[in-house]
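On a predicted model such as this, the values are computed, not experimentally measured, just so you know. As the structure lists them, so they are numbered: ligands from 1, and atoms in each ligand from 1.
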Amino acid sequence: MSQLDPQKLPVHLAVIMDGNGRWAKQRMLRRIVGHQRGAETVKMVVEQSSLLGIKYLTLFAFSSENWSRPALEVRGLMTLLKKYIRQETARMMRKNIRYNVIGNRTDLPDDVNDTLDEAIQKTAANTGMVLTLALSYGGRQELCRAAARMTEDAVAGKLSASDITTELFDSYLDTGALPDPDFLIRTSGEMRISNFLLWQLAYTELYFTETNWPDFTINELHKALAAFQARERRFGMTGDQITERGDLSKD
Ligand code: FPP
């Protein structure tokens, strides 16, 4: 654990928490039990990320496509989410963590939205880590929402085609106030993005582990972060340019 360089941690860590269902199936348990165990891993990752000084943590907790799951599982996930937020808000206050949500909140049940609003409001002045939950979230859907809002602004005469830059587009996304993720972890051996943060992941370092989310441990998190620290991020430049930039920044 001590090998991590605190200066070289991701500013923004994003996680696709996959494998809850398989974890449960392997143990002949109901899928919701896998999600419940997954919520325990969420607590650990939130606590560790905040302790390490990571500024932004974004968790893919429920996708736009997850609505197609059996109604019982969807209801179970919504109940779990509500319970988690209610239980954890006091800890978020103690750890100075601020809640944030991205995704299509109009699809969420009213009671979940009320719980989220309360937690967001209560933690709004916290200045530590920003914990973003992606709920009813899909990257393509987010891009469409952004395009629709830009069109509305264009029709209202507040925006013209020549104003459209990557920065402006960024500001219309749900993540407008967040920097792009530096590092993405996906558990359970699947090597895909699954409609998560499609625009924002353009230069993100990707990390995949075979471990199912409920089994993901502190040691695994540290191992993943150590792997991030060994990566050379070039953002389209050459390795030599990056080395020179690094040398200059030491002056
Ligand atoms: C993917 O595993 C996981 C989800 C769809 C839900 C993630 C939810 C949690 C980790 C718990 C609640 C979240 C919070 C923030 C408290 P899967 O069910 O797709 O697994 P499988 O691919 O093995 O079936």
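Inter-residue side-chain proximity for Arg186 and Phe60 is flagged as unmet; no heavy-atom pair is nearer than 4.5 Å.
Scanning all protein heavy atoms for the shortest distance to atom 12 (C) of ligand 1 gives Leu80 CD2, 3.9 Å. Looking at atom 11 (C) of ligand 1, its nearest protein heavy atom turns out to be His35 O, 3.5 Å. Ranking the protein heavy atoms by distance from atom 10 (C) of ligand 1 puts Asn20 ND2, 3.4 Å first. Here the protein heavy atom with the shortest distance to atom 1 (C) of ligand 1 is Met17 O, 3.2 Å. The single protein non-hydrogen atom nearest to atom 6 (C) of ligand 1 is Ala61 O, 3.3 Å, given as residue, atom name and distance. Ranking protein heavy atoms by distance to atom 16 (C) of ligand 1, first place goes to Tyr84 CG, 3.3 Å.
Within a 6.0 Å radius of CZ in Arg30, no more than 12 heavy atoms belonging to other residues, nucleotides or ligands are found. For Arg22, the CZ atom sits in a packed shell: over 12 heavy atoms of surrounding residues, nucleotides or ligands are nearer than 6.0 Å. For Lys122, the NZ atom counts as loosely surrounded, since its 6.0 Å shell holds 12 or fewer non-hydrogen atoms of other residues, nucleotides or ligands. Within 6.0 Å of NZ on Lys223 lie no more than 12 heavy atoms contributed by other residues, nucleotides or ligands. Annotation: Leu168, atom CG; neighbour count of heavy atoms from other residues, nucleotides and ligands within 6.0 Å is above 12. Applying the 6.0 Å contact sphere to CZ of Arg140 captures no more than 12 heavy atoms from other residues, nucleotides or ligands. Other residues, nucleotides and ligands place no more than 12 heavy atoms under 6.0 Å from the CD atom of Gln121. For Arg31, the CZ atom counts as densely surrounded, since its 6.0 Å shell holds more than 12 non-hydrogen atoms of other residues, nucleotides or ligands.
Ligand 1 is approached by Asp18 to a heavy-atom distance shorter than 4.0 Å. The closest approach between Arg31 and ligand 1 falls below 4.0 Å for a heavy atom of the residue. Taking a 4.0 Å cut-off on heavy atoms, Arg69 registers as neighbouring ligand 1.
When only interatomic distances are considered, the shortest N/O to N/O separation between Asn66 and ligand 1 does not fall below 3.5 Å. Considering backbone and side-chain atoms alike, Trp23 places every N or O at 3.5 Å or more from each N or O of ligand 1. The shortest N/O to N/O separation between Arg22 and ligand 1 falls below 3.5 Å. For ligand 1, one of its N or O atoms has an N or O atom of Gly21 under 3.5 Å away.
When heavy-atom distances to ligand 1 are checked against a 4.0 Å cut-off, Phe62 has no atom that comes that close, whether in backbone or side chain. When non-hydrogen atoms are compared, ligand 1 lies under 4.0 Å from neither the backbone nor the side chain of Thr41. Neither the backbone nor the side chain of Arg37 has a heavy atom within less than 4.0 Å of ligand 1. Contacts between Lys25 and ligand 1 below 4.0 angstrom, taking non-hydrogen atoms only, are absent altogether.
Close contacts between ligand 1 and Trp213 involve ligand atoms 10 (C) [criterion: under 4.0 Å to a heavy atom].
Side-chain contact of Trp199 with Asp180: a donor-acceptor pair under 3.5 Å is absent, judged by distance alone.
Taking a cutoff of 4.0 Å between a charged side-chain nitrogen and a carboxylate oxygen, Arg86 and Asp111 do not qualify as a salt bridge.
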